[in-house]
Amino acid sequence: MTENTLSKTIKVEEENLACSMGSGSLMVLATPAVVALMENAAAELAQKVLDNEELTTVGTMISIEHTSPTPVGAEVTATAVLKENDGRIF
């Protein structure tokens with residue numbers, strides 16, 4: 001991790017599947033699981049920048065294209081990149 005990036009990796013398991021999360025009927029990585037992985041990386045990165053246990057961040061917008069099916073057992077990585085920090089805006 002550099003100062004402005006942070007990566008998180010998961011191995012796709014049954015709990016991450018569309019058919020398990022209710023976002024579809026297929027045995028592939030669910031889009032909500034992808035979004036959660038992305039948000040987890042971004043939140044952890046922001047928390048390191050904040051360096052204060054009393055402060056936190058809240059996501060306000062996300063836009064993704066989840067275009068490839070990912071099967072059980074595959075590894076997926078999300079990398080958060082902090083491009084700008086302007087006071088309360090990250």
Side-chain angles (χ1 to χ4, degrees):
M1 177 185 101
T2 64
E3 187 174 312
N4 66 337
T5 65
L6 188 135
S7 295
K8 301 289 273 187
T9 300
I10 62 166
K11 183 175 181 179
V12 179
E13 298 180 3
E14 187 174 333
E15 66 194 33
N16 308 117
L17 300 179
C19 60
S20 297
M21 295 189 81
S23 66
S25 60
L26 299 177
M27 294 185 64
V28 295
L29 180 62
T31 302
V34 175
V35 171
L37 179 62
M38 294 166 62
E39 287 188 327
N40 184 271
E44 188 172 324
L45 176 59
Q47 202 60 47
K48 289 179 186 287
V49 172
L50 288 171
D51 194 29
N52 182 326
E53 292 182 18
E54 294 181 18
L55 299 176
T56 191
T57 63
V58 176
T60 59
M61 186 183 86
I62 189 162
S63 176
I64 70 165
E65 291 185 25
H66 182 191
T67 59
S68 291
T70 307
V72 172
E75 286 193 348
V76 177
T77 301
T79 301
V81 178
L82 178 61
K83 293 185 175 184
E84 184 178 358
N85 178 2
D86 182 15
R88 294 181 50 187
I89 311 253
F90 283 80

Supply the members, apart from [X], of the Ile/Leu/Val/Met/Phe/Trp/Tyr cluster built from side-chain contacts under 4.5 Å; use none for a lone residue.
X	value
Val81	none
Met61	none
Val35	Ile10, Val12, Leu17, Met27, Leu29, Val34, Leu37, Met38, Ile62, Ile64, Val72, Val76

Could you tell me which non-hydrogen atom of Ala18 sits nearest to which non-hydrogen atom of Leu26, and how far apart they are?
CB-O, 3.6 Å

Can you name the closest pair of heavy atoms from Glu44 and Leu6 and give their distance?
OE2-CD1, 3.7 Å

Under the rule for side-chain contact (heavy atoms from CB on, under 4.5 Å), what residues qualify as partners of Glu13, not counting sequence neighbours?
Glu15, Asn16

At what distance, to the nearest 0.5 angstrom, does OG1 of Thr57 lie from CD of Gln47?
6.5 Å

For Ser23, which residues count as a side-chain hydrogen bond (donor to acceptor under 3.5 Å, both in side chains) partner, sequence neighbours excluded?
none

Ser20 meets the side-chain hydrogen bond (donor to acceptor under 3.5 Å, both in side chains) criterion, sequence neighbours left out, with none

